[in-house]
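Worksheet: one structure, shown below.
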Amino acid sequence: MTSDIESSKLEDNGTTKTEIIFPNLSFKEKLNLFFSREPPPKEPNPQFFWWYPPNQSKKEKTVVFKLDCFILSYVCLSYWSKYLDQSNISSAYVSGMKEDLHLHGAQYNWIQNCFTIGFGFGGLISLLMTRISPNIILPGCEVIWGVFCLALYKSNSFRYVAIMRFFQGLFEGCSYPAIYQILGSYYNRNELARRAGIFTSSGMVGSMFSGYFQAAVYKNLNGVNGIEGWRWLFIVDFSVTIPIAILGFFVLIPRNAKKVWWLKKDELDLANERMKFRGKPPSDKWDWNSIKRILSSWQFYVFPSAFVLWDLSGQGGSYFAIIMKGLGGYSVYELNTIPTIQTVFRIITCLISGLVVDITATRWHSLLVVMILWLTGLGILVGWEVSRGALFFGLILLGVSTPFSPLWMGWLSRLTHEDVQLRFATISVMNLFSSLLQIPWSVKLFNTDFAPRYFKAYRWCLGLNSILLLYVPLTVLFDRYQNRKRALYKIEVTKNNVTIIEDFFKLDSEKDQDSVSLRSVEIGTKEKSGFKVTVVS
């Protein structure tokens with residue numbers, strides 16, 4: 001092993017300083033670790049609990065309960081309205097928009113692509129939260145995207161719809177990163193996973209609700225005041241979005257707030273105090289060494305390439321209503337409601353897979369089941385010559401693509417645990433390439449003129465999924481390799497003039513993952529994970 005080491009400073013707030021000390025490994029040493037037959041050190045399994053972490057005080061439970069009632073409820077409503085406004089274009093398309101605006105060929109795909117382009121750039125808006133309070137940024141963007149949603153009711157051409165959808169996507173793009181930043185500011189790692197699962201499911205509920213919403217709007221409002229039913233959907237969605245945005249102005253906690261109307265002074269202090277030391281704040285130093293480290297990391301290539309495969313092939317599940325319309329024989333109500341069965345399946349599989357991960361502390365089992373179900377659905381769509389019920393069953397199975405995303409992102413988070421810059425860079429590359437490749441993919445393969453049978457498209461999806469399946473065992477091997485490397489890492493924490501040198505797995509244990517308890521550490525020297533752990537004062 002080489003004697004050189006690297007030191008990564010994670011936090012220095014005047015009272016606490018945390019560093020990870022990395023040994024510099026040669027390429028040959030990395031290969032030896034990767035192909036080693038010795039099992040890697042086993043990471044501590046989290047203690048399973050249903051809602052509140054064990055040993056949490058009554059006062060802290062009260063604070064978390066209030067956070068759930070106000071912040072979690074608001075972000076779920078916000079994300080629900082986002083998906084409601086995002087997915088209404090599909091409902092409108094099969095409910096009369098296509099005929100009224102004379103849309104044809106790839107125009108529907110380009111409408112979706114304009115939204116995707118705006119959505120990709122919109123993520124940058126969330127960076128303003130470092131300077132502007134979240135109760136201004138997120139609700140403000142929500143008001144603006146609601147206005148652009150309302151403007152769609154005046155649609156008179158393909159060009160008008162495309163422009164409005166671009167700006168709607170631009171301001172919706174901040175929603176996902178902003179909400180995760182808000183949740184991460186008030187929930188620790190023990191609490192965040194379940195809340196994130198509920199938050200993700202709320203978006204799926206919004207997508208599902210859009211179908212029933214459009215069906216009810218078309219039935220009850222079609223022709224009222226001379227306005228077509230599909231146009232009423234945009235008006236009604238706007239009327240739902242704005243009150244939720246106004247709620248956000250009053251519910252979200254401003255930056256450096258001294259008081260909040262729904263929290264007592266001591267409860268607000270506790271909410272801030274328990275999140276002071278997270279151990280892994282992002283570094284803002286970008287130089288050649290950090291770029292070189294990122295480019296030489298396996299995570300930077302494995303996770304984005306798999307994410308692109310997932311994103312492209314996952315588009316196959318978005319054409320349920322379009323396929324039904326192409327098959328013919330279905331009413332507007334059925335076109336809007338039957339595809340929601342797939343959304344229910346997305347929600348159920350998201351919640352179940354997340355629960356399995358919490359119980360087993362591993363992800364590859366769930367990913368393997370997800371991939372097998374997904375491949376089965378694609379096989380049915382490629383074969384096509386089956387009963388109508390079997391065809392719809394295959395389309396429903398494609399909904400299992402949704403839980404792949406949080407499972408994969410969770411694995412990425414775990415395997416970039418000690419390097420926040422690497423995680424940020426990897427996620428950025430994932431979003432960039434998946435967004436860019438979506439456009440030619442959807443235009444060339446999912447042109448609505450090919451409906452109802454997207455034979456070539458689903459063959460490509462099946463091929464990409466077969467490759468994606470191979471990423472599961474490949475990532476398991478890299479997971480084992482990463483844990484062998486982590487046995488060589490040291491964590492140096494200085495708090496209250498006491499310095500602790502611990503191994504990576506100690507800090508990453510359930511007890512110490514969000515704070516470092518000096519009371520539980522004995523002064524002295526002991527052997528652990530192959531090297532000496534020394535505590536000095």
Side-chain angles (χ1 to χ4, degrees), residues 51-52 60-88 119 122-123 125-149 168 171-188 191-210 213 236-264 267-268 270-272 274-275 347 350-351 354 406:
W51 197 249
Y52 296 107
E60 191 170 357
K61 287 180 180 179
T62 300
V63 171
V64 173
F65 175 76
K66 289 188 175 183
L67 292 172
D68 292 339
C69 291
F70 290 91
I71 289 184
L72 181 62
S73 296
Y74 164 70
V75 298
C76 286
L77 285 171
S78 176
Y79 205 55
W80 171 80
S81 71
K82 171 198 170 300
Y83 261 89
L84 189 68
D85 296 345
Q86 176 180 331
S87 58
N88 55 22
F119 192 86
I125 297 177
S126 64
L127 298 177
L128 295 174
M129 288 180 62
T130 59
R131 294 186 174 273
I132 304 175
S133 289
N135 65 320
I136 301 297
I137 289 292
L138 183 56
C141 286
E142 196 165 1
V143 168
I144 298 173
W145 87 56
V147 170
F148 280 107
C149 178
Q168 185 182 344
F171 288 96
E172 285 189 25
C174 82
S175 177
Y176 190 80
I179 288 175
Y180 256 107
Q181 190 169 336
I182 291 169
L183 292 177
S185 297
Y186 292 100
Y187 292 106
N188 62 41
E191 302 159 345
L192 185 58
R194 289 159 178 77
R195 276 78 178 179
I198 294 173
F199 151 65
T200 303
S201 298
S202 68
M204 296 297 100
V205 172
S207 178
M208 178 182 68
F209 192 72
S210 179
F213 219 34
V236 174
D237 284 356
F238 167 79
S239 66
V240 171
T241 300
I242 297 304
I244 295 174
I246 294 173
L247 177 66
F249 284 114
F250 294 99
V251 166
L252 293 180
I253 301 175
R255 293 177 70 241
N256 304 319
K258 300 299 182 183
K259 62 179 181 178
V260 181
W261 66 270
W262 52 271
L263 279 176
K264 297 178 182 178
E267 291 174 339
L268 178 60
L270 178 59
N272 292 324
R274 72 195 198 101
M275 301 301 291
I347 295 170
C350 267
L351 296 176

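These numbers come from the heavy atoms of this one structure, side chains and all, not from hydrogens, waters or symmetry mates.
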Which donor-acceptor pairs under 3.5 Å do the side chains of residues 240-249 make with protein atoms, sequence neighbours left out?
residue	atom	partner	partner atom	Å
Thr241	OG1	Asp85	OD1	3.3
Thr241	OG1	Asp85	OD2	2.7
Thr241	OG1	Asp237	O	2.8

Set of side chain to side chain contact (heavy atoms under 4.5 Å, CB included) partners for [X], sequence neighbours left out:
X      : value
Phe119 : Lys82, Phe115, Glu172
Phe70  : Val251, Trp261, Trp262
Ser133 : Asn135, Ile136, Pro254, Arg255

Grab the two heavy atoms, one from [X] and one from [Y], that are nearest each other, plus how far apart they are.
X      : Y      : answer
Ser175 : Leu138 : CA-CD1, 4.0 Å
Glu267 : Thr62  : OE2-CG2, 3.8 Å
Glu60  : Leu270 : CA-CD2, 3.9 Å
Trp145 : Gln168 : CB-O, 3.9 Å
Gly146 : Phe238 : O-CD1, 3.1 Å

Item to check | Those residues that, when tested against Ser78, pass side chain to side chain donor-acceptor pair (under 3.5 Å) (two or more places apart) | outcome: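 By the side chain to side chain donor-acceptor pair (under 3.5 Å) rule, Ser78 matches Glu142.
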Item to check | Interatomic distance, Lys66 atom NZ to Leu263 atom CG [nearest 0.5 angstrom] | outcome: 6.0 Å
Checklist outcome for this item: Rounding to 0.5 Å, atoms CD1 (Ile71) and CD1 (Ile182) come to a distance of 7.5 Å
Checklist entry - Do Phe250 and Pro139 have side-chain heavy atoms sitting under 4.5 Å apart? => result no
Checklist entry - Does the side chain of Cys149 come within less than 4.5 Å of Asn88's, by heavy atoms? => result yes
Item to check | Pairs where residues 67-76 contributes a residue and the test salt bridge (Lys or Arg N to Asp or Glu O under 4.0 Å) is met, not counting sequence neighbours | outcome: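 Only Asp68-Arg195 qualify under salt bridge (Lys or Arg N to Asp or Glu O under 4.0 Å).
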Item to check | Verdict with supporting geometry, Ser239 and Val236, side-chain contact (heavy atoms from CB on, under 4.5 Å) | outcome: CA-CA 5 Å; Ser239 66; Val236 174; 4.2 Å; yes
